[in-house]
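Okay, so here's the structure we're looking at.
Remember, it's 1-based here, ligands and their atoms both numbered in the order they're listed. Sequential numbering from 1 along the given sequence is applied to the chain's residues.
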Amino acid sequence: MGTYGRQNVVFVRGEGCWLVSENGDRYLDFGSGVAVNSLGHAHPALVAALKAQADKLWHTSNLYRVEGQETVAEKLTRLTFADCVFFCNSGAEACEGAIKVARRYHYVSGHPERQRIITFRGAFHGRTLTALSAAGNEKYLEGFGPEAQGFDHVEPGDLAAIEAAISPETAAIMLEPIQGEGGVRAFPPEVLRAIRDLCDENGLLLVLDEVQTGVGRTGKLFAYEWAGITPDVMAVAKGLGGGFPVGAVLSTAEAAKGMTPGTHGSTFGGNPLAMAVASTVLDIVSEPEFLEDVRTKALHLKQGLSGLMDQHADVVEEVRGEGLLMGLKLKEHVAPAEVVKAAANDKLLVVGAGDNTIRLLPPLIASDKEIAEAIQILSRALSRVAREVR
Ligand code: PLP
């Protein structure tokens, strides 16, 4: 179907931070398949884990215990706030699962009326009908029939508006610690702490969507750690599989107390192949030295981008983001697609986002040399775009 406005290039091979096209051109991949290739392309440990599992067992369904799920759930619960995990295949499914957990919690707590979820303008939770309604972006909902009910949309950062939106029917507050698709817009740590307090004072669950920010992307294993808070429920996907489709809903035992046999399910979710890869990704990314290294490199990327803003003040308005989830907000007269195209012409892949922003999401294994190279290419691309729009 014609659902994508694709760039006219076919990649046939990947090596670390590099993609090789069918005519042999090498591209520096600072998009990571939209924050998915956390360990770059063809990481030897991931390839080995997948091949070893492929020789043994691919799929059994969730009618039976799945060894890999138990292993990955043990790691996720050891490394995070969570006591239990549900596995699915994508970010949208993880968000849907998190919404179900939150509503069901209140249902089994004797408050079936508590169904509404406060969400934020500029959010993105995926393309299923409920995830679209949760985010409330009218452009994405147009023509797809009645919206799913039960979401109250407020401006990020407007604590008074959040408080005013809380009613006896509110079940949860759901947010991305940094809105990725929305333009790399972060909730400041003090706002996250205030939202956590509001949840506690009002008996609400805090649901985080860390589909894009999770698994080391911001320099912590999960972005909530920066604010010193913990959620009750969290959606994870993208980087967890390093390129193999997988999603997960993490929860405290209390929040998930309504998720009893028969309340939710997935045929493929937590498939042994996905679990073999996710387990290896977690082993590597959760190492303190690995995350320390991400933070050091992130500093270099941020410095490079700040330099670009100084050099190209006519086209760049702001540097945003945390860790290796960085954004350049462009001046109003410059379209992100133009910069993405100019960079791709010079063999650097970056990704557009909302709020007139481009995103840089390199693999977490990017070297300082690759970061410096990306900054150089981006600088040339910005110069070209600046000349064209003048
Ligand atoms: N949530 C966030 C924060 C995302 O960035 C995305 C995808 O970009 C999703 C959910 C949806 O994930 P998927 O495309 O895997 O369904």
So ring-ring contact (aromatic ring centres under 6.0 Å, His included) across residues 26-51, not counting sequence neighbours, yields F11-Y27

Qualifying residues under side chain to side chain donor-acceptor pair (under 3.5 Å), relative to D55, sequence neighbours excluded
none

In this structure, is the centre-to-centre distance between the rings of H153 and F120 below 6.0 Å?
no

Are the side chains of L132 and H125 in touch, meaning some heavy atoms are under 4.5 Å apart?
no

Mind checking what residues have non-hydrogen atoms under 4.0 angstrom from ligand 1?
S90, G91, A92, F124, H125, G126, E176, E181, D209, V211, Q212, K238

When Ile, Leu, Val, Met, Phe, Trp and Tyr are grouped by side-chain heavy atoms lying under 4.5 Å apart, directly or through other members, which residues fall in the same group as Y64?
L63

Quick check on R13: does its CZ atom have over 12 non-hydrogen neighbours (other residues, nucleotides or ligands) under 6.0 Å away?
no

